[in-house]
Amino acid sequence: MKLFEELKWRGLIKDSTSPELEEKLNKGGMTFYIGTDPTADSMHIGHLSSFLISKRLKDAGHHPILLIGGATGRIGDPKPTEERSMKTIEEIERNVKGLTEQAKKIFGFEVVNNYDWIKDMDIVTFLRDYGKYFNINYMLDKDIIRRRLETGISFTEFTYMILQAVDFLHLFKTKGCTLQVAGSDQWGNITAGVDLIRKVTKEEVYAFTMPLVTDSTGKKFGKSEGNALWLDKEKTSSYELYQFFINAEDAMIETYLKIYTFLSKEQIEDIVKRHEVEPHLRIGQKALAEEIITFLHGHEEYEKAVRISEALFSGNVKDLTLQELEIGFKDVASYNLTNSGNIIDILVASSIASSKREAREFVGNGSIRINGEKVTDVNFEITKDVAIEGKIVVVRKGKKSYTLLKFD
């Protein structure tokens with residue numbers, strides 16, 4: 001399967017600027033760029049689909065450049081509903097550093113910062129050399145601008161499109177970049193760059209976008225209760241990624257496997273077929289989790305995530321390390337112990353039980369497990385010898401309610 005055909009099969013091309021692009025993509029040898037603004041010091045799952053496209057192009061013989069918007073990040077890409085809040089210069093510079101290191105480590109791409117060529121541009125140069133090529137009616141017709149006209153848009157945000165077009169022109173002149181790749185929400189901005197290059201140099205360059213990845217309801221994929229899933233494992237652990245992907249909805253598994261993995265057409269079709277026969281085994285979700293986590297963090301991290309998940313599901317946590325316990329119980333309530341004590345007293349002190357009478361009932365009817373083992377003796381003592389590595393005791397009440405007891 002040729003590159004363009006594969007990208008279409010995977011659902012990775014929404015719009016493109018020219019029918020000539022198919023032949024050029026299949027031929028290889030194009031220098032292309034993909035951009036991101038430094039809104040955080042790590043990319044998240046929302047970025048990953050676009051960057052995986054870039055790796056597919058790289059593997060097919062094209063040369064990728066990652067542009068980090070040290071300059072455009074100071075302005076802010078117009079949001080559909082309201083103006084972005086300005087980040088401090090220190091925060092932007094810290095984020096640029098983090099993104100640069102991450103992109104080189106995960107993807108091995110060449111990284112550039114548009115602040116390097118925009119920072120010394122004076123306002124007269126900006127207006128004379130670039131602003132004159134942008135007709136106001138042309139800009140107002142762009143979707144992202146049109147959506148903001150009713151609520152209002154500042155001149156600062158209005159000029160974002162021009163700066164992004166300047167980026168494309170600069171990379172075209174200095175690095176021979178002839179292709180820009182982006183999410184579909186950037187279509188207006190990237191076509192502005194194509195038009196600017198045509199007007200200034202009379203040369204033809206290209207662009208294509210991919211659809212934004214969503215769940216079956218249209219919600220952006222990777223948004224969990226309003227929180228991003230970061231690619232940095234120090235911000236989002238491999239276990240947290242595993243939990244997210246293992247719970248992906250069945251209806252979207254084939255779509256996600258096409259977008260987020262490098263598995264072949266035959267492999268994906270086989271996984272989907274087996275998944276449809278026995279959906280309760282979550283074959284598709286497991287394949288998705290393994291491919292993504294292994295790509296981002298390595299197979300050892302994937303195996304750790306599975307081990308933590310299986311231990312928590314079974315309740316048999318005593319074989320987990322302290323680090324794995326901290327990862328698996330990141331959001332679980334904890335209580336600090338200064339001394340050993342009777343299980344009844346500790347259940348009350350840690351608020352697992354509301355009274356000694358209730359605590360005795362929990363223990364007597366087998367509702368309490370200590371490090372995965374059922375405890376029915378009301379005289380049981382919780383000591384450092386009981387604790388995992390002498391530090392942590394995992395108390396489970398019923399099937400799902402956990403509390404960590406931590407010895408000082």
Side-chain angles (χ1 to χ4, degrees), residues 215 219 222-229 233 235-250 253 278-286 288-290 293 301-337 341-378 380-382 386-389 391-407:
D215 62 19
K219 180 183 176 183
K223 295 292 184 181
S224 178
E225 297 179 357
N227 299 315
L229 290 167
K233 68 179 180 182
K235 295 167 78 73
T236 299
S237 68
S238 298
Y239 165 74
E240 290 173 293
L241 288 179
Y242 183 83
Q243 287 302 305
F244 179 81
F245 294 124
I246 207 69
N247 289 301
E249 52 189 330
D250 292 330
I253 284 299
E278 298 179 293
H280 61 284
L281 297 180
R282 308 196 81 73
I283 295 169
Q285 285 89 342
K286 290 176 181 177
L288 181 67
E290 180 174 7
I293 295 171
E301 279 291 314
Y302 167 74
E303 291 179 334
K304 180 197 292 186
V306 173
R307 186 167 63 252
I308 295 172
S309 297
E310 291 178 347
L312 297 190
F313 182 77
S314 66
N316 185 21
V317 298
K318 61 181 180 297
D319 293 330
L320 295 178
T321 66
L322 283 179
Q323 182 195 42
E324 290 169 344
L325 285 170
E326 294 284 359
I327 292 171
F329 292 105
K330 179 181 177 182
D331 299 318
V332 166
S334 64
Y335 178 77
N336 291 330
L337 293 175
N342 175 265
I343 188 170
I344 302 301
D345 295 331
I346 290 176
L347 288 178
V348 174
S350 60
S351 299
I352 296 172
S354 60
S355 65
K356 287 189 176 184
R357 182 184 62 79
E358 187 177 57
R360 291 190 189 97
E361 288 179 0
F362 286 156
V363 173
N365 63 26
S367 296
I368 300 297
R369 289 180 180 269
I370 301 296
N371 297 336
E373 301 292 334
K374 186 182 293 186
V375 175
T376 56
D377 181 3
V378 295
F380 183 85
E381 292 286 311
I382 295 179
V386 173
I388 296 171
E389 296 185 29
K391 299 283 187 180
I392 291 179
V393 178
V394 180
V395 181
R396 190 178 89 182
K397 180 182 71 177
K399 291 184 177 181
K400 294 183 179 180
S401 179
Y402 283 95
T403 302
L404 293 189
L405 305 178
K406 298 181 178 181
F407 279 98

Step by step, work out the side-chain contact (heavy atoms from CB on, under 4.5 Å) result for Val332 and Val394.
-> CA-CA 10 Å; Val332 166; Val394 180; over 6 Å; no

Let me see the working for Ile343 and Glu381 under side-chain contact (heavy atoms from CB on, under 4.5 Å), right down to the final yes or no.
-> CA-CA 6 Å; Ile343 188 170; Glu381 292 286 311; over 6 Å; no

Rounded to the nearest 0.5 Å, what's the gap from [atom1] on [X] to [atom2] on [Y]? Could you check?
X	Y	atom1	atom2	value
Glu324	Ile388	CD	CD1	10.5 Å
Glu240	Ile308	CD	CD1	10.0 Å
Glu249	Gln285	CD	CD	9.5 Å
Leu288	Ile283	CG	CD1	13.5 Å
Leu404	Asn336	CG	CG	10.5 Å
Tyr239	Ile327	OH	CD1	10.0 Å

When you measure from the side chain of Arg369 to the backbone N and O of Arg396, does any donor-acceptor pair fall under 3.5 Å?
->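 The answer is no, because no donor-acceptor pair under 3.5 Å joins these two groups.
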
Do the side chain of Lys397 and the main chain of Phe362 share a donor and acceptor less than 3.5 angstrom apart?
->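 No, the answer is negative, given that no donor and acceptor are paired below the 3.5 Å cut-off.
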
Heavy-atom pair with the smallest gap, counting every atom of [X] and [Y]:
X	Y	answer
Thr403	Ser334	CG2-CA, 4.4 Å
Lys356	Val348	N-CG2, 3.6 Å
Ala311	Leu320	CB-CD1, 3.7 Å
Ile253	Ala248	CD1-CB, 4.1 Å
Lys330	Lys235	NZ-O, 3.9 Å
Ser238	Glu301	OG-OE1, 2.8 Å

Between Val386, Ile382, Ile370, which is the residue that forms a side chain to side chain contact (heavy atoms under 4.5 Å, CB included) with Leu405?
->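 Result for side chain to side chain contact (heavy atoms under 4.5 Å, CB included) with Leu405: Ile382.
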
Evaluation steps, salt bridge (Lys or Arg N to Asp or Glu O under 4.0 Å), between Arg357 and Glu361 | CA-CA 6 Å; Arg357 182 184 62 79; Glu361 288 179 0; 2.7 Å; yes

Run the numbers on Lys286 and Tyr242 for side-chain contact (heavy atoms from CB on, under 4.5 Å), then give the verdict.
-> CA-CA 8 Å; Lys286 290 176 181 177; Tyr242 183 83; 4.3 Å; yes

With sequence neighbours excluded, tell me which residues meet side-chain contact (heavy atoms from CB on, under 4.5 Å) with Glu326.
->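 In terms of side-chain contact (heavy atoms from CB on, under 4.5 Å), with neighbours along the sequence ignored, Glu326 is linked to Ile392, Lys406.
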
Salt bridge (charged side-chain N to carboxylate O under 4.0 Å, His left out) with Lys391: which residues, sequence neighbours excluded?
-> none

Side chains of Asn371 and Val393: does their closest heavy-atom pair fall under 4.5 Å?
->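 Answer yes - side chains close enough.
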
Is the closest side-chain heavy-atom distance between Thr236 and Phe244 below 4.5 Å?
->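 SC-SC contact between Thr236 and Phe244 ruled out.
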
Please test Lys304 against Arg307 for side-chain contact (heavy atoms from CB on, under 4.5 Å), starting from the C-alpha separation and ending with a verdict.
-> CA-CA 5 Å; Lys304 180 197 292 186; Arg307 186 167 63 252; 3.8 Å; yes

Tell me yes or no: between the side chains of Glu358 and Ser354, is some donor less than 3.5 Å from an acceptor?
-> yes

